[in-house]
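Report on one structure; see the data block that follows.
Here is the naming used below: chain letters follow the sequence lines, and residue numbers restart at 1 for every chain.
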2 protein chains.
Amino acid sequence: MTTKAATTRATILERAVDVASVEGLEGLTIGRLASELRMSKSGLFAHFGSKEELQLATIEAAAARFLREVIAPAQREPEGAARLRAYCEGYLDYLQRKVFAGGCFWAAAAAEFDDRPGPVRDAVRAGVLGWMGELEHQARIAGVGDAAELAFEAYSLGLGANTCWRLFADERGFKRARAAIERRLAELSMPPVAHGLGA
Amino acid sequence: MTTKAATTRATILERAVDVASVEGLEGLTIGRLASELRMSKSGLFAHFGSKEELQLATIEAAAARFLREVIAPAQREPEGAARLRAYCEGYLDYLQRKVFAGGCFWAAAAAEFDDRPGPVRDAVRAGVLGWMGELEHQARIAGVGDAAELAFEAYSLGLGANTCWRLFADERGFKRARAAIERRLAELSMPPVAHGLGA
DNA sequence: CCTACCGATCGGTAGG
DNA sequence: CCTACCGATCGGTAGG
């Protein structure tokens, strides 16, 4: 039954996403994944046809999980500043909730493939671009002058919090990222003239 | 001669650092490194004794390069705000100058090993901690209230610029990181009372 | 989805 | 620093 095959495929990919978030998309080996799932290597392999296709399918599954856990909940907030804040909060929450076993899947995949041209890099790029695009879009709606600048800052603070937490087991990165974002958002409600003070 | 062996070892490690910044410390294989350097695998291997020792030596060599290219030049500036700014500028410069073939060695190594306990992770941790510690130390001397917060922000913006540059070939991250840091440093010269406005 | 197998490459060793 | 080799694992295939 094609339904059963689809279920098996989904089971494989849920595990693949967590393995890849810890060991990387290259460290995600077919043999290891198969033995963890108590399947034969070739049985698992048949669902994808090549390691690259497995990597691409894993990225797709990670995107679906990120959408479900971070993007969609924030979309209950009205567009603009409220949704932008919800994205930032939601991202930090998603790290703390360990939605992926090894911290942010995208941060790991981006660092791993950012210098290796090919379909895998393109897929990672599309995922990260989508996230940064959402941040920028909401910043623009919120009336931020340089929305791309704010999106870059929010994105960067998320990366920093992820590194602090995974590398140092230091949860203070979450608080620090929140503080930086809140300070930045607070500035937005200041009258434009106030911005000239320090310049 | 022990001198010749040391020279060979240094040559190996210079290459290893660049390979690792692109392919990762796990993707740094002894066979590949040997063939690139036109050495036998076992000849290269003999310098280190295990792959883990090669990885640790590679991290050491990367630390020396980072010290030479980023830390040391900034240390010509007086301690405090000037040196903090020099660290940030120097870091962004070092990315643009392609001091490592694959962008920031530390960003790549941290993402790769942040979930894998062991000596390699410990060494990466020590390197990143040293960098963040420098930032925090100078922020403290500059009289910043929450020096750790500022160090976290500066560190994060560097990570973000690195990702933009490597993943998207987007140089605007450098400008954006500089803008964010300059805005933040500009706030520091404002009278304390001004900080209360947005709170 | 399985067993059985392929060539290539991995980290590492023996012996010089 | 070399040649020659080891067992294990890699991605992938044949055939069912």
Side-chain angles (χ1 to χ4, degrees), chain A residues 1-20 22-61 109 112-113 116-121 123-124, chain B residues 1-17 19-20 22-61 109 112-113 116-121 123:
Chain A
M1 261 129 244
T2 186
T3 303
K4 191 177 174 191
T7 304
T8 304
R9 194 185 137 103
T11 303
I12 293 167
L13 289 174
E14 286 306 299
R15 180 68 68 103
V17 153
D18 283 315
V19 170
V22 173
E23 309 282 342
L25 281 161
E26 210 59 60
L28 174 72
T29 70
I30 295 162
R32 181 194 156 165
L33 196 54
S35 89
E36 280 190 18
L37 292 163
R38 267 178 265 276
M39 285 177 65
S40 69
K41 238 178 63 176
S42 65
L44 190 149
F45 184 84
H47 283 275
F48 305 99
S50 74
K51 174 157 187 182
E52 189 171 277
E53 287 301 324
L54 168 63
Q55 290 172 324
L56 292 171
T58 300
I59 291 167
E60 242 181 84
E112 187 179 7
F113 275 89
R116 304 192 217 176
V120 175
R121 176 185 149 144
V124 172
Chain B
M1 259 131 240
T2 187
T3 303
K4 190 178 173 190
T7 303
T8 303
R9 194 186 135 102
T11 303
I12 293 167
L13 289 174
E14 287 306 299
R15 180 69 67 104
V17 153
V19 171
V22 172
E23 309 284 342
L25 282 161
E26 210 59 61
L28 175 71
T29 71
I30 295 163
R32 182 196 156 161
L33 196 53
S35 88
E36 280 190 17
L37 293 163
R38 268 177 264 276
M39 287 178 63
S40 69
K41 238 178 65 174
S42 64
L44 190 150
F45 185 84
H47 284 275
F48 306 99
S50 73
K51 173 156 188 182
E52 187 171 279
E53 287 300 324
L54 168 62
Q55 290 172 324
L56 293 171
T58 300
I59 291 167
E60 244 181 81
E112 187 178 5
F113 275 89
R116 304 192 217 176
V120 175
R121 177 186 150 143

Quick one: the dot-bracket string of DNA chain D, using Watson-Crick and G-U wobble pairs with both distances under 3.5 Å, [ ] for crossing pairs and | for bases paired to another strand.
||||||||||||||||

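Contacts of A/Ser50 classified as side chain to side chain contact (heavy atoms under 4.5 Å, CB included), with partners at least two apart in sequence or in another chain: A/Glu52, A/Glu53. For the side chain to side chain contact (heavy atoms under 4.5 Å, CB included) test, residues two or more places apart in sequence or in another chain that qualify with B/Glu26 are B/Lys51, B/Gln55, B/Glu112, B/Phe113, B/Arg116. Looking at residues two or more places apart in sequence or on another chain, you find no side-chain hydrogen bond (donor to acceptor under 3.5 Å, both in side chains) involving A/Arg9. Among residues two or more places apart in sequence or in another chain, the salt bridge (charged side-chain N to carboxylate O under 4.0 Å, His left out) test is passed with B/Arg15 by B/Glu36.
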Where protein sits on nucleotides 9-16 of chain D, one letter per nucleotide: B base, S sugar-phosphate only, - none, heavy atoms under 4.0 Å
-SBBB---

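Here the closest non-hydrogen pair linking B/Ala123 and B/Leu56 is CB-CD2, 3.8 Å.
Just one of B/Ile12, B/Val120, B/Val17 meets the side chain to side chain contact (heavy atoms under 4.5 Å, CB included) condition when paired with B/Thr58; it is B/Val17.
With hydrogens and angles ignored, the 3.5 Å screen pairs a side-chain donor or acceptor of B/Ser40 with a backbone N or O of B/Gly43.
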